[in-house]
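Worksheet: the structure to be examined is printed underneath.
In the text below, chain A, chain B and the rest are named by the order of the sequence lines, each starting its count at 1.
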Amino acid sequence: MPHVIAELAAERLWPDDPAEARALQDRLAPRVRVEPLDPDGVRLVAGLDVSYTESAVVAAAVVLDARTLEVVETATERAEPAFPYVPGLFAFRELPPLLAALGRLASEPDVYVCDGFGLAHPRRFGLACHLGVLLDRPVLGAAKTAFVGEAAPPAPERGSVTELRADGEVVGRCLRVQDGVKPVYVSVGHRVDLDAACELVLRASPRYRICEPVRRADRLSRDVLGR
DNA sequence: GCGACAG
DNA sequence: ATCTTGTCGC
């Protein structure tokens with residue numbers, strides 16, 4: 001058993017099956033904290049992503065200077081898939097390799113950006129929340145498609161937003177980061193609020209739909225996977 | 001019961 | 001996520 005999973009299991013933070021996984025999410029969800037975070041105080045932003053094959057998974061963490069968006073440091077982890085992909089249980093597939101990669105970073109990012117959701121989740125505990133609670137660090141989620149809830153399309157200008165609502169509550173925002181380009185979905189993971197999360201994603205997306213930290217992590221994980 | 005369903 | 005060619009556009 002991989003070290004990261006053994007450590008989580010020792011803390012009763014690793015499920016044996018989907019039913020246990022859902023129960024664990026319900027147990028950890030109350031630990032999520034939504035709080036203000038000053039975007040101007042963020043110096044280092046880490047982008048996270050994972051690429052797959054049938055038999056291998058590669059996680060990548062890329063730390064960028066939040067102001068210049070230059071790469072400061074990178075780390076990767078190659079592993080065997082430890083959990084199947086089940087919508088809503090995404091974190092159990094990506095968390096182990098991500099935690100291992102993050103453990104190799106020398107720097108301490110001020111905020112982490114996940115390719116997925118935080119509170120915009122059936123049990124309000126997506127990957128960004130899960131990672132945030134385990135690290136007790138600011139984490140936010142930026143996804144390419146919606147998973148739960150509905151959002152009206154934002155105005156065509158960069159910076160426009162609409163609320164992403166599910167079960168009558170605001171669980172995130174649909175954010176247009178480029179003029180006339182399909183929007184992305186931002187949600188809080190931990191120790192950040194929606195305003196800061198959207199501002200950080202906007203600042204980290206000077207050119208493309210996918211913010212630079214995640215784009216870099218996506219490319220790196222793909223390269224290491226070897227294709 | 002049926003369809004939808006982050007990556 | 002991944003499987004996949006050409007093609008339109010800056």
Side-chain angles (χ1 to χ4, degrees), chain A residues 18-19 21-22 24-25 28-29 32 46-62 76-102 112-133 139-151 158 163-167 170-175 177-190 194 197-198 201 205-211 213-227:
Chain A
R22 292 184 186 95
L24 181 56
Q25 291 179 325
L28 297 178
V32 170
L48 312 173
D49 198 19
V50 180
S51 291
Y52 306 89
T53 307
E54 280 196 356
S55 57
V57 43
V58 171
V62 178
T76 61
E77 164 76 6
R78 182 177 201 114
E80 304 275 307
F83 208 88
Y85 169 67
V86 180
L89 302 182
F90 186 45
F92 298 97
R93 190 164 171 74
E94 304 219 335
L95 220 37
L98 282 174
L99 288 172
L102 290 174
Y112 299 78
V113 182
C114 288
D115 185 3
F117 285 114
L119 293 174
H121 177 276
R123 284 168 296 283
R124 305 294 179 265
F125 200 69
L127 172 63
C129 294
H130 206 142
L131 186 64
V133 165
V139 181
L140 63 93
K144 299 177 285 297
T145 63
F147 179 33
V148 294
E150 310 79 38
R158 166 181 160 90
E163 293 179 331
L164 174 61
R165 303 181 135 272
D167 309 313
V170 176
V171 296
R173 277 185 202 155
C174 185
L175 169 68
V177 298
Q178 302 301 336
D179 291 350
V181 171
K182 186 176 175 184
V184 297
Y185 298 83
V186 177
S187 59
V188 168
H190 188 57
L194 258 182
C198 289
V201 170
S205 311
R207 168 127 202 230
Y208 304 106
R209 175 173 182 246
I210 306 304
C211 65
V214 172
R215 275 188 85 240
R216 295 281 193 168
D218 177 66
R219 269 208 325 162
L220 178 58
S221 62
R222 231 179 280 235
D223 289 348
V224 172
L225 188 60
R227 12 173 80 196

Parallel, tilted or perpendicular: ring planes of A:Phe92 versus A:Phe83, cut at 30 and 60 degrees: tilted

A:Arg209 side chain to A:Pro183 backbone, donor-acceptor under 3.5 Å: yes

A:Leu175 side chain near A:Val201 side chain, heavy-atom distance below 4.5 Å: yes

Atom of A:Arg124, atom of A:Cys129 and distance for their closest heavy-atom approach: O-SG, 4.0 Å

Salt bridge present between A:Arg219 and A:Asp49 (N-O < 4.0 angstrom): no

Gap between atoms CZ and P, on A:Arg93 and C:dA1 respectively (whole Å): 12 Å

Phosphate OP1/OP2 of C:dT2 contacted by A:Ser51 side-chain N/O (<4.0 Å): yes

For DNA chain B, stems built from three or more consecutive Watson-Crick or G-U wobble pairs below 3.5 Å: none

Sugar-phosphate only, base, or nothing, as touched by A:Arg222 at under 4.0 Å among non-hydrogen atoms: sugar-phosphate

Atom pair distance, as rounded to whole Å: CD in A:Glu94 and C1' in C:dT2: 14 Å

A:His121 ring center within less than 6.0 Å of A:Phe90 ring center: no

N/O donor-acceptor pair under 3.5 Å between A:Gln25 side chain and A:His130 backbone: no

For atom CD1 of A:Ile210 and atom C1' of B:dG7, their distance in whole Å: 12 Å

Dot-bracket summary - DNA chain C, pairs being Watson-Crick or G-U whose distances fall under 3.5 Å, with | when paired to another strand: ..........

Close side-chain approach of A:Glu163 and A:Leu194, heavy atoms under 4.5 Å: no

Protein-nucleic acid N or O pairs under 3.5 Å, nucleotides 3-6 of chain B:
{"residue": "B:dA6", "atom": "OP2", "partner": "A:Tyr85", "partner atom": "OH", "Å": "2.9"}
{"residue": "B:dA6", "atom": "N7", "partner": "A:Gly88", "partner atom": "N", "Å": "3.2"}
{"residue": "B:dA6", "atom": "N6", "partner": "A:Gly88", "partner atom": "O", "Å": "3.3"}
{"residue": "B:dA6", "atom": "N6", "partner": "A:Phe90", "partner atom": "N", "Å": "3.3"}
{"residue": "B:dA6", "atom": "N6", "partner": "A:His121", "partner atom": "NE2", "Å": "3.4"}
{"residue": "B:dA6", "atom": "N1", "partner": "A:Leu127", "partner atom": "N", "Å": "3.2"}
{"residue": "B:dA6", "atom": "N3", "partner": "A:Phe117", "partner atom": "N", "Å": "3.1"}

A:Pro81 vs A:Tyr52 side-chain heavy atoms within contact, under 4.5 Å: no

